[in-house]
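Just so you know, residue 1 is the first one in the sequence shown, and it goes up from there.
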Amino acid sequence: MAVEVNTSAVATLTASAVDPQIAAAMELQSRLDPLRDALGLEDLTDSEMSLFAMISLHMRLDPFARQVYAIKRQGKMTIQVGIDGFRSSAEETDQYRGSDEPVYGPIVGTPPHPEFATVIVHRELPDGARIDQSATAWWDEYVVTGTQGFQWTRMPRVMLAKCAEAAAFRKAFPKRFGQVYEPAEMQQADAAEAARPVAPTAPA
């Protein structure tokens, strides 16, 4: 005799039996799964989807609004968040105390650009201790040239400052932003991957 199983009831029972954070991640993943293609998540494995859901919840960012997204590079998932997302997520901790305006190095090269940018992110711990965490992004380590790098040509200070600020957030809030990157930080990796030659196929 066939027995009909109410899968939604089983899922609800299973979710209720685990840690609330894991249950919330399971629920989010179930909402993300039907929209993998639309959200650009089609390359993620089920385990990577689970991790992406947990990170999204941990950072309190909405993957449906593309506040946080995952990109697969050379078989490895990378989490990316815009700089406004970094600030918004840090604000949720109640420990973020703002960041200083970027300090730039000398203007060099063609097109003219700062040699580096340094940003300080401020955090106040529950015990009152204050962390003033700086990070420096160097132009030659992040710049993207050619047609893919038009933003670096048009807004060199803005692009470099975003890289420095994201790095400072990772240092100041390591548990929250570890392995999370601003898109500007990853453009060089994207350009390198796009330029990688495709191996010729062997003749039949």
Side-chain angles (χ1 to χ4, degrees), residues 40-41 43-44 48 52 55-56 58-59 61 63 65-93 95-124 130-198:
L41 304 173
D43 293 335
L44 268 58
E48 288 169 337
F52 176 59
I55 291 174
S56 298
H58 181 64
M59 297 182 67
L61 295 176
R66 303 306 298 270
Q67 292 180 335
V68 55
Y69 47 99
I71 294 179
K72 203 76 170 285
R73 291 187 179 84
Q74 300 182 28
K76 183 178 180 180
M77 181 180 70
T78 301
I79 303 297
Q80 292 191 17
V81 176
I83 197 62
D84 288 336
F86 273 88
R87 296 165 184 161
S88 175
S89 183
E91 186 71 25
E92 293 282 351
T93 68
Q95 297 180 18
Y96 177 49
R97 297 297 179 265
S99 58
D100 293 349
E101 287 296 310
V103 174
Y104 296 103
I107 302 299
V108 297
T110 305
H113 60 266
E115 187 177 14
F116 63 84
T118 299
V119 173
I120 300 176
V121 167
H122 304 284
R123 177 182 182 182
E124 186 175 345
R130 191 175 179 92
I131 298 173
D132 303 310
Q133 183 62 64
S134 68
T136 297
W138 293 84
W139 176 267
D140 58 0
E141 294 179 352
Y142 289 99
V143 64
V144 178
T145 58
T147 56
Q148 297 185 54
F150 73 95
Q151 290 179 311
W152 288 88
T153 301
R154 189 166 63 90
M155 303 182 298
R157 293 176 181 83
V158 170
M159 299 298 287
L160 202 57
K162 288 196 292 186
C163 294
E165 187 174 354
F169 271 117
R170 282 194 298 276
K171 290 181 176 181
F173 297 86
K175 290 185 179 179
R176 197 170 190 86
F177 297 118
Q179 303 302 312
V180 176
Y181 296 89
E182 216 283 335
E185 296 180 274
M186 304 306 297
Q187 283 186 345
Q188 193 175 77
D190 289 337
E193 187 165 328
R196 185 180 300 117
V198 176

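Remark: the Arg176 side chain and the Ser89 side chain contain an N/O donor-acceptor pair separated by less than 3.5 Å.
Taken to the nearest 0.5 Å, the CH2 atom of Trp152 stands 7.0 Å off from the CD atom of Gln187. Rounded to the nearest 0.5 angstrom, His58 NE2 and Phe177 CZ are separated by 8.5 Å. The structure places NZ of Lys171 at 5.5 Å from CD of Gln133, a figure rounded to the nearest 0.5 Å.
For residues 75-84, the salt bridge (Lys or Arg N to Asp or Glu O under 4.0 Å) pairs, not counting sequence neighbours, are Asp84-Arg87.
For Glu124, the salt bridge (Lys or Arg N to Asp or Glu O under 4.0 Å) test picks out Arg97, with sequence neighbours left out. With sequence neighbours excluded, the residues forming a salt bridge (Lys or Arg N to Asp or Glu O under 4.0 Å) with Glu48 are Lys72, listed by chain and number. With sequence neighbours excluded, the residues forming a side chain to side chain contact (heavy atoms under 4.5 Å, CB included) with Thr118 are Phe116, Ser134, Thr136, listed by chain and number. Every side chain to side chain contact (heavy atoms under 4.5 Å, CB included) that Ala70 has, sequence neighbours left out, goes to Leu41, Leu44, Phe52, Met77, Ile79. For Tyr142, the ring-ring contact (aromatic ring centres under 6.0 Å, His included) criterion is met by no residue, not counting sequence neighbours. Residues passing the side chain to side chain contact (heavy atoms under 4.5 Å, CB included) test with Arg66 are Leu39, Tyr69, sequence neighbours excluded. Contacts of Glu141 classified as side chain to side chain contact (heavy atoms under 4.5 Å, CB included), with partners at least two apart in sequence or in another chain: Trp138. When the salt bridge (Lys or Arg N to Asp or Glu O under 4.0 Å) test is applied to Arg170, the partners found at least two apart in sequence or on another chain are Glu185. Judged as a salt bridge (Lys or Arg N to Asp or Glu O under 4.0 Å), and not counting sequence neighbours, the contacts of Asp132 are Arg130. Under the side chain to side chain donor-acceptor pair (under 3.5 Å) criterion, Glu91 pairs with no residue at all, not counting sequence neighbours.
A pairwise comparison of heavy atoms in Ala166 and Ile83 identifies N-CD1, 3.9 Å as the closest pair. Here the closest heavy-atom approach between residue Leu160 and residue Ala117 is recorded as CD2-N, 3.6 Å. Counting all heavy atoms, side chain and backbone alike, Pro102 lies closest to Ala161 at CG-CB, 3.6 Å. Closest heavy-atom contact between Ala184 and Met159: CB-CE, 3.8 Å. Residue Tyr96 comes nearest to Val121 through the heavy atom pair CE1-CG1, 4.0 Å, listed as atom of the first residue, atom of the second, then distance. Looking at every heavy atom in both residues, Ala90 comes nearest to Thr93 through O-OG1, 2.6 Å.
Counting heavy atoms from C-beta outward, Met186 and Ile71 have side chains that stay 4.5 Å or more apart. Side-chain contact between Phe150 and Val144: absent, with no pair of heavy atoms (C-beta onward) separated by less than 4.5 Å. Contact of the Ser56 side chain with the Leu61 side chain is not registered, since no non-hydrogen atoms from C-beta on lie closer than 4.5 Å.
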Under 3.5 Å, sequence neighbours excluded: what are the donor-acceptor pairs made by side chains of residues 106-115?
from   : atom 1 : to     : atom 2 : distance (Å)
His113 : ND1    : Val108 : O      : 3.2
His113 : ND1    : Pro111 : O      : 2.8
His113 : NE2    : Trp139 : NE1    : 3.3

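Taking the centre of each ring, Phe173 and Phe86 stay at or above the 6.0 Å mark.
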